[in-house]
Amino acid sequence: MPRTTSRTTDLILTALAPAIWGSSYLVTTRFLPEGIPVTIALLRALPAGILLLVILRQLPPLTWVPKLLLLGALNFTLFWICLFVAAYRLPGGVAATLGATQMLIILGLSRVLLRTPIRPLAVLAGLIGVAGVGALVLSPTAQLDGFGLLAAFGGAVSMALGTVLSRKWTPPVPPLTFTAWQLVAGGLLLVPLAIWLDPPTPTFTATNMAGIAYLGLIGGALTYYFFFRGITRLGPATVAPLGFLSPVTAVALGLIFAGESLSLLQSLGMALVFFAVWLGQYAQSRPVIVAKVQPAE
């Protein structure tokens, strides 16, 4: 019983990460200034990471710096830049649907890098999840942009690889410390990019500061702590289906704050997403059946 309870707690805490990430679009559009996406990503990562380092007082060994820079680049720098490019060049539904392929990419990368077996039910859950997200957010009149499509898919690959490598390279420190190291690494890599790509930063209002604080402390430090903790305890293949909850949160917030309504197709899509999340967890809980080879007589 305690082991089951612990796993349930781990799943709930990990699921909070993508669920909260789904609020990022609403916060960005309502609380933050436009035109400085890389700077916003920088302010989301670096201050929160530094704050955690000050509290935890534990710097990474020098031998870990190259790995942390790569993980920070994959999980934050490259992923967030691709996310913003896709958001600017594609309708939100197209970007979200391509982002939903991340689960299938994680399953493949886990097989290659972690030797995790690929479970057919998990693949089915991934396909159902992509279909559900598409039905939930994709518009039939969506216009496609080649560079935007590449950015959206590149972001999914970046985050998927960062997720799997975060398990492969888990250091012997608490997950919160690992989160702080990655936030700082990703934030430092964003500094020159923000100076190069974004215009001068405008004067922030109190509303802007509140939005940045939310994205940094809640949508950054807290959620990524839950996320990396879940990767360590549950494994990437178990965590991956939970990513489908992000667009569900985004749509739910649209219903609450923007007065939107769900069509029948969107309702079906939401049901498919929840089923995909359940099926993904069920698939990982099943024992792996290994065929026995009979010795030749």
Side-chain angles (χ1 to χ4, degrees), residues 17-46 48-49 70-106 129-130 133-134 136-138 142 144-166 182-183 185-187 189-191 193-194 196-198 211-212 214-216 218-221 223-224 227-228 239-240 242-251 253-254:
I20 293 173
W21 291 337
S23 66
S24 297
Y25 177 77
L26 180 70
V27 173
T28 300
T29 54
R30 295 201 173 202
F31 290 87
L32 301 180
E34 298 181 359
I36 52 169
V38 184
T39 302
I40 295 300
L42 164 64
L43 294 175
R44 183 179 182 180
L46 190 56
L70 179 57
L71 291 174
L74 292 171
N75 287 322
F76 300 104
T77 311
L78 181 58
F79 172 63
W80 280 346
I81 289 177
C82 286
L83 204 63
F84 280 119
V85 170
Y88 281 124
R89 302 183 70 103
L90 291 174
V94 176
T97 303
L98 284 173
T101 62
Q102 181 179 310
M103 175 184 171
L104 296 170
I105 300 170
I106 286 176
V130 172
V133 170
L136 182 62
V137 300
L138 196 59
L144 302 182
D145 172 84
F147 191 70
L149 291 173
L150 183 62
F153 186 69
V157 173
S158 177
M159 186 64 177
L161 181 56
T163 298
V164 175
L165 288 179
S166 293
Q182 290 199 51
L183 281 169
L189 292 173
L190 283 165
V191 170
L193 294 174
W196 177 40
L197 296 174
D198 283 353
I212 292 171
Y214 172 82
L215 288 180
I218 305 300
T223 53
Y224 276 95
F227 185 69
F228 292 134
V239 170
L242 302 176
F244 294 134
L245 297 175
S246 187
V248 171
T249 301
V251 170
L253 290 174

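The line from CG of L245 to CD1 of I20 is 11.5 Å long, rounded to the nearest 0.5 Å. With rounding to the nearest 0.5 Å, the separation of OG1 in T249 from CG in L26 is 11.5 Å. The line from CZ of F228 to CD of Q182 is 3.5 Å long, rounded to the nearest 0.5 Å. Distance check, rounded to the nearest 0.5 Å: CD of Q102 to OG1 of T163 gives 5.5 Å. Atoms CZ and CG, on R30 and L253 in that order, are 9.5 Å from each other to the nearest 0.5 Å. Note that CG of L161 is 10.0 Å distant from CG of L78, once rounded to the nearest 0.5 Å.
Counting heavy atoms from C-beta outward, V157 and F79 have side chains that stay 4.5 Å or more apart. For the pair V248 and V133, the minimum side-chain heavy-atom distance is 4.5 Å or more. In this structure the side chain of V239 never reaches within 4.5 angstrom of the side chain of I106, judged on heavy atoms. Side-chain contact between I40 and T28 is absent, with no heavy-atom pair separated by less than 4.5 Å. For the pair V251 and V137, the minimum side-chain heavy-atom distance is below 4.5 Å.
G216 approaches A48 most closely through the heavy-atom pair O-CB, 3.4 Å. The nearest pair of heavy atoms linking L46 to G187 is CB-CA, 4.0 Å. The two atoms that bring A151 and V85 nearest to each other are CB-CG1, 3.6 Å, heavy atoms only. Contact between S24 and L215 at its shortest, heavy atoms only, is OG-CD2, 3.9 Å. Closest non-hydrogen pair, L242 versus P18, comes out as O-CG, 3.1 Å. Between V130 and A100, the shortest heavy-atom contact is CG2-O, 3.6 Å.
No donor-acceptor pair under 3.5 Å is formed between the side chain of R44 and the backbone N or O of I212. At distances below 3.5 Å, not a single donor-acceptor pair connects side-chain atoms of S246 with backbone N or O atoms of G243.
Applying the side chain to side chain donor-acceptor pair (under 3.5 Å) criterion to S23, with sequence neighbours excluded, gives Y214. Not counting sequence neighbours, the partners of T223 by the side chain to side chain donor-acceptor pair (under 3.5 Å) test are W21. For T39, the side chain to side chain donor-acceptor pair (under 3.5 Å) partners two or more places apart in sequence, or in a different chain, are D198.
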In sequence, state the C-alpha distance, the side-chain angles, and the governing distance for N75 and M159, and then conclude on side chain to side chain contact (heavy atoms under 4.5 Å, CB included).
-> CA-CA 5 Å; N75 287 322; M159 186 64 177; 3.6 Å; yes
Run the side chain to side chain contact (heavy atoms under 4.5 Å, CB included) check on L74 and L165 step by step: do they pass?
-> CA-CA 9 Å; L74 292 171; L165 288 179; 3.9 Å; yes
So L190 and W80, side chain to side chain contact (heavy atoms under 4.5 Å, CB included) or not? Walk me through it.
-> CA-CA 10 Å; L190 283 165; W80 280 346; 4.3 Å; yes
